[in-house]
Amino acid sequence: MDAPLQIYNSLTRQKEVFTPLHAGHVGMYVCGPTVYNDVHLGNCRTFISFDVIYRYLTYLGYKVRYIRNITDVGHLLDDGEDRMSKGARLDNLEPMEVAQKYTNNFHDMMRTFNVLPPSIEPRATGHIPEQIEMVQQILDNGYAYIKNGSVYFDTVKFAEETKEYGKLSGRVIEELIAESRDNLKNQDEKNHPSDFAIWMKASDEHIMKWNSPWSVGFPGWHLECSAMSTKYLGKQFDIHGGGNDLKFPHHENEIAQNMGSCGCQPAKYWMHTNMLLMNGKKMSKSDGNTISPSELFTGDSPHVSKGYSPMVVRFFMLQSHYRSTNDLTDEALQAAEKGFKRLTEAFEALHKLHSPVTEGGAEDENISKIIHGVFEDMNDDFNTPKAIARLFELVPVINSVKDGKIPPESISQKMLEELKNAFHVIFFDILGLKTEESDADKGYVKGLMELIIRLRQQARANKDWATSDTIRDSLNALNIQIKDGKEGTEWSFK
RNA sequence: GGUCGGGUGGCCGAGUGGCUAGGCAGAGGUCUGCAAAACCUUGUACAGCGGUUCGAAUCCGCUUCCGACCUCCA
């Protein structure tokens, strides 16, 4: 009955009904991080977005094979030095130590954000033979040429013969001629400025290099994804994702390589996440407009007035659509923090509700509509902000029943169960959020709080306002909020 | 310069040819010993100028401003 899942396809620039290549299965490849540095928040946004997409596809019943790679070689800097090698030189480490260190850091951060691990996380250095094989196939098919031990992809020939080059990013090859800079590494070796290396001959001082039929060298940056997606998902698979900034040249070149080796377009649906901004500008490693995840958590940054918890940050990110830019500001984070708290507290309150009627509550239909609406929103290109907005509509209903503002029979037992279940599925399983109960929540702090609240109740019963207010104010100073309600007093961390 | 995407109420952020997005902040009220929390009510926004239309913030054109990519970036 519900509308089918639709996905915005960057390749066709429109929403399309999602139909997997093989019924019941989804193959999804997402470009992972280059591990030469701590992960930054922009990366996190992309992986959080795809985490929700992965979770939702799984929820829909698809068996999803989710590949997210680790790039640990081949990513050149302007001066021609490999990112990994540079990291190694600066830290005085083996390149693989650098890769491992930052891979660990990346994994820690993904766990912190409650991002599920992918099905397979292949490394570029672990797939050198596959990449060499692909270079050979491209050469065999005539879409590459060898110059001094390096191999370059022939974009001009590819573009002329297939009309495919530039399709994803909207580029025209003639324009690329004029635009390309001429100060790139080995530019003189290329036949055309838009050609790109798929195998690079290594200089003597280059640390990371492998034997190949052409030279001792290393693979080009774009090649790994082509080779690894093919290896684990086949020549054609369902979804290929990544950040918007990878569209050109990375993804465009990936398509060229896949088509150049096997003759087919690798992915049916291309999905691109938009950039995380900070104060209106792209958050970027290279220009300093950035805040690290840990700085954001601790508040140790001039860009924020305080720290924000990982789940608040995740929630904040999901409150904008993955294809829209997301502007991170202190004010917006504060709004997200309060909203997140309101939602989680309503969810907790929901579990304490009971209904005297089995079915036919006055609010039943309304609630049912909201729940269905959430899934409709998710089916519409994973519209998490809209889905979350609907979740908020449940809050006043839940709180009103809890406070006795509307009678408990407004929601039937049946609906209550359905709602608890749905809320759980949406909030935890699909959006990947979790309530942040601290250790204190379970430990003796809880017992102490019960004691304190009981003492304060006695004081209030005796109209000893001075004592009761002192307790309240002191707790408040400790960031503990006292909430006097009809059914007694509750508390929470502020 | 080329390509693309945007400008929505104080802030963030959805959406749409006619029907309340939502969150935060603000205002009024209920509740309360007083508060807080919660609940109720409330603002009637869509860059500007034209055009299409019975009707446009939503479609088209122009203007303007902003951003991304074109060079390593999720």
Side-chain angles (χ1 to χ4, degrees), chain A residues 13 30-34 36-37 39-50 75-79 81 83 166 169-172 174-176 178-181 183-184 194 221 241-250 272-277 280-287 315-316 319-321 323-340 342-343 345-346 349 373 377 380 383-393 395-400 402-406 460 463-465 468-469 472-473 476 481-486 489-492 494:
Chain A
R13 291 155 215 259
V30 172
C31 291
T34 304
Y36 66 102
N37 217 331
V39 233
H40 90 126
L41 253 190
N43 292 254
C44 295
R45 185 201 183 194
T46 292
F47 301 133
I48 287 170
S49 295
F50 281 106
H75 218 148
L76 295 180
L77 297 167
D78 278 351
D79 58 7
E81 188 168 11
R83 277 191 186 281
S169 57
R171 311 285 149 147
V172 180
E174 288 75 20
E175 287 169 0
L176 290 169
E179 291 158 19
S180 278
R181 292 192 180 176
N183 60 351
L184 296 172
S194 67
W221 168 40
N244 216 206
D245 49 357
L246 293 182
K247 213 188 255 180
F248 189 89
H250 184 60
H272 290 96
T273 56
N274 214 139
M275 297 295 100
L276 179 67
L277 312 182
K281 288 261 162 72
K282 179 187 173 185
M283 195 181 281
S284 167
K285 288 183 219 185
S286 47
D287 66 12
F315 181 74
F316 164 74
Q319 273 193 298
S320 71
H321 188 89
R323 280 193 288 114
S324 299
T325 50
N326 184 197
D327 195 3
L328 184 134
T329 62
D330 192 51
E331 214 179 346
L333 282 166
Q334 285 191 29
E337 183 176 57
K338 288 187 181 172
F340 182 63
R342 198 157 103 91
L343 202 55
E345 288 185 353
D377 295 335
D380 183 14
N383 197 328
T384 56
K386 210 171 169 189
I388 289 171
R390 280 196 215 263
L391 247 29
F392 272 109
E393 289 175 30
V395 174
V397 183
I398 293 168
N399 283 333
S400 292
K402 177 193 148 216
D403 291 348
K405 300 240 165 69
I406 61 175
R460 295 181 73 204
K463 296 196 192 298
D464 180 3
W465 309 128
S468 77
D469 289 355
R472 185 174 68 197
D473 295 345
N476 205 44
Q481 185 173 49
I482 288 293
K483 299 171 183 176
D484 293 325
K486 278 245 176 351
T489 299
E490 293 177 3
W491 65 278
S492 69
K494 287 207 287 191

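Reminder, nothing fancy here: chain letters follow the sequence lines and each chain counts from 1.
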Whole-angstrom distance between [N] and [M], as gauged at atom [atom1]:
{"N": "B:A47", "M": "B:G7", "atom1": "C1'", "result": "6 Å"}
{"N": "B:G9", "M": "B:U52", "atom1": "C1'", "result": "28 Å"}
{"N": "B:U58", "M": "B:G2", "atom1": "C1'", "result": "29 Å"}
{"N": "B:U44", "M": "B:U64", "atom1": "C1'", "result": "27 Å"}
{"N": "B:U71", "M": "B:C66", "atom1": "C1'", "result": "22 Å"}
{"N": "B:U16", "M": "B:G22", "atom1": "C1'", "result": "15 Å"}
{"N": "B:C40", "M": "B:G23", "atom1": "P", "result": "10 Å"}
{"N": "B:G13", "M": "B:U8", "atom1": "P", "result": "9 Å"}

Looking for any heavy atom pair under 4.0 Å, which part of the strands does [X] touch: base, sugar-phosphate only, or nothing?
{"X": "A:G42", "result": "base"}
{"X": "A:H321", "result": "sugar-phosphate"}
{"X": "A:V395", "result": "sugar-phosphate"}
{"X": "A:Q334", "result": "nothing"}
{"X": "A:D327", "result": "sugar-phosphate"}
{"X": "A:A389", "result": "base"}
{"X": "A:R460", "result": "base"}
{"X": "A:I406", "result": "nothing"}
{"X": "A:G32", "result": "sugar-phosphate"}

Please confirm whether the shortest side-chain N or O distance from [X] to OP1 or OP2 of [N] is below 4.0 Å.
{"X": "A:N383", "N": "B:G15", "result": "yes"}
{"X": "A:R342", "N": "B:C39", "result": "yes"}
{"X": "A:N399", "N": "B:A38", "result": "no"}
{"X": "A:K338", "N": "B:A25", "result": "yes"}
{"X": "A:S324", "N": "B:A14", "result": "yes"}

Could you state the atom-to-atom distance from [atom1] of [X] to [atom2] of [N] in whole Å?
{"X": "A:F392", "N": "B:G13", "atom1": "CZ", "atom2": "C1'", "result": "12 Å"}
{"X": "A:M275", "N": "B:G6", "atom1": "CE", "atom2": "P", "result": "15 Å"}
{"X": "A:E331", "N": "B:G26", "atom1": "CD", "atom2": "P", "result": "11 Å"}
{"X": "A:L391", "N": "B:A21", "atom1": "CG", "atom2": "C1'", "result": "14 Å"}
{"X": "A:D377", "N": "B:A14", "atom1": "CG", "atom2": "C1'", "result": "9 Å"}
{"X": "A:K402", "N": "B:A38", "atom1": "NZ", "atom2": "P", "result": "8 Å"}
{"X": "A:D464", "N": "B:C34", "atom1": "CG", "atom2": "C1'", "result": "14 Å"}
{"X": "A:N476", "N": "B:A37", "atom1": "CG", "atom2": "C1'", "result": "11 Å"}

Quick one: closest heavy-atom pair of [X] and [Y], and the distance?
{"X": "A:P33", "Y": "A:N43", "value": "CB-OD1, 4.3 Å"}
{"X": "A:F316", "Y": "A:D327", "value": "CZ-O, 3.4 Å"}
{"X": "A:I406", "Y": "A:V397", "value": "CD1-O, 4.2 Å"}
{"X": "A:S169", "Y": "A:R13", "value": "C-NH2, 4.0 Å"}
{"X": "A:A349", "Y": "A:N399", "value": "CB-OD1, 4.5 Å"}
{"X": "A:G243", "Y": "A:T273", "value": "CA-OG1, 3.4 Å"}

First locate atom [atom1] of [X], then atom [atom2] of [Y], and finally report the distance between them rounded to the nearest 0.5 Å.
{"X": "A:L328", "Y": "A:L333", "atom1": "CG", "atom2": "CG", "value": "4.5 Å"}
{"X": "A:L343", "Y": "A:I398", "atom1": "CG", "atom2": "CD1", "value": "8.5 Å"}
{"X": "A:L276", "Y": "A:I48", "atom1": "CG", "atom2": "CD1", "value": "9.5 Å"}

Note to self: Run the side-chain contact (heavy atoms from CB on, under 4.5 Å) test on A:N274 and A:R45 for me, step by step, so that the C-alpha distance in whole Å, both residues' side-chain angles and the decisive distance to 0.1 Å come before the verdict.
What the structure shows: CA-CA 9 Å; A:N274 214 139; A:R45 185 201 183 194; 4.0 Å; yes
Proximity to the side chain of [X] - top-ranked nucleotide from [options]:
{"X": "A:P396", "options": "B:C11, B:C39, B:A74", "value": "B:C39"}
{"X": "A:Q319", "options": "B:A38, B:G23, B:C39", "value": "B:G23"}
{"X": "A:K386", "options": "B:C34, B:A14, B:A74", "value": "B:A14"}
{"X": "A:K483", "options": "B:A74, B:A36, B:G22", "value": "B:A36"}
{"X": "A:A332", "options": "B:C12, B:C69, B:A14", "value": "B:C12"}
{"X": "A:E393", "options": "B:C70, B:A21, B:A74", "value": "B:A21"}
{"X": "A:D469", "options": "B:A74, B:G33, B:C39", "value": "B:G33"}
{"X": "A:S468", "options": "B:C39, B:C4, B:G33", "value": "B:G33"}

Note to self: On the side chain of A:D484, is there an atom forming a donor-acceptor pair with the base of B:A35 - under 3.5 Å, no angle test?
What the structure shows: yes
Margin query: Between B:A35 and A:R472, counting only base atoms on the nucleotide and side-chain atoms on the residue, is there a donor-acceptor pair under 3.5 Å?
Written below: yes
Next item on the list: Please test A:T489 against A:R472 for side-chain contact (heavy atoms from CB on, under 4.5 Å), starting from the C-alpha separation and ending with a verdict.
Entry: CA-CA 11 Å; A:T489 299; A:R472 185 174 68 197; over 6 Å; no
Next item on the list: Determine, for A:K386 against A:D380, whether the closest basic-nitrogen to carboxylate-oxygen distance falls under 4.0 angstrom.
Entry: no
Checklist line | Salt-bridge present (A:E345, A:K483; N to O < 4.0 Å) | finding: yes
Note to self: Applying the 5.5 Å / 30° rule, does A:F47 stack onto the base of B:A74?
What the structure shows: no
Kindly give the atom pairs (protein nitrogen or oxygen, nucleotide nitrogen or oxygen) under 3.5 Å for nucleotides 42-47 of chain B.
none

Next item on the list: Hey, can you tell me if A:F392 and A:F315 have their rings parallel, tilted or perpendicular (30° and 60° cut-offs)?
Entry: perpendicular
Checklist line | Stems formed with participation of RNA chain B [Watson-Crick or G-U wobble, under 3.5 Å, three or more pairs] | finding: B:1-7 with B:64-70, B:10-12 with B:22-24, B:26-30 with B:38-42, B:47-51 with B:59-63
Notebook entry, point to check: If you find the nucleotide of RNA chain B closest to A:F316 and the one closest to A:K247, which residue's nucleotide is nearer the 5' end?
Noted result: A:K247
Check: On RNA chain B, nearest-nucleotide positions of A:L41 versus A:G339: which is more 5'?
Finding: A:G339
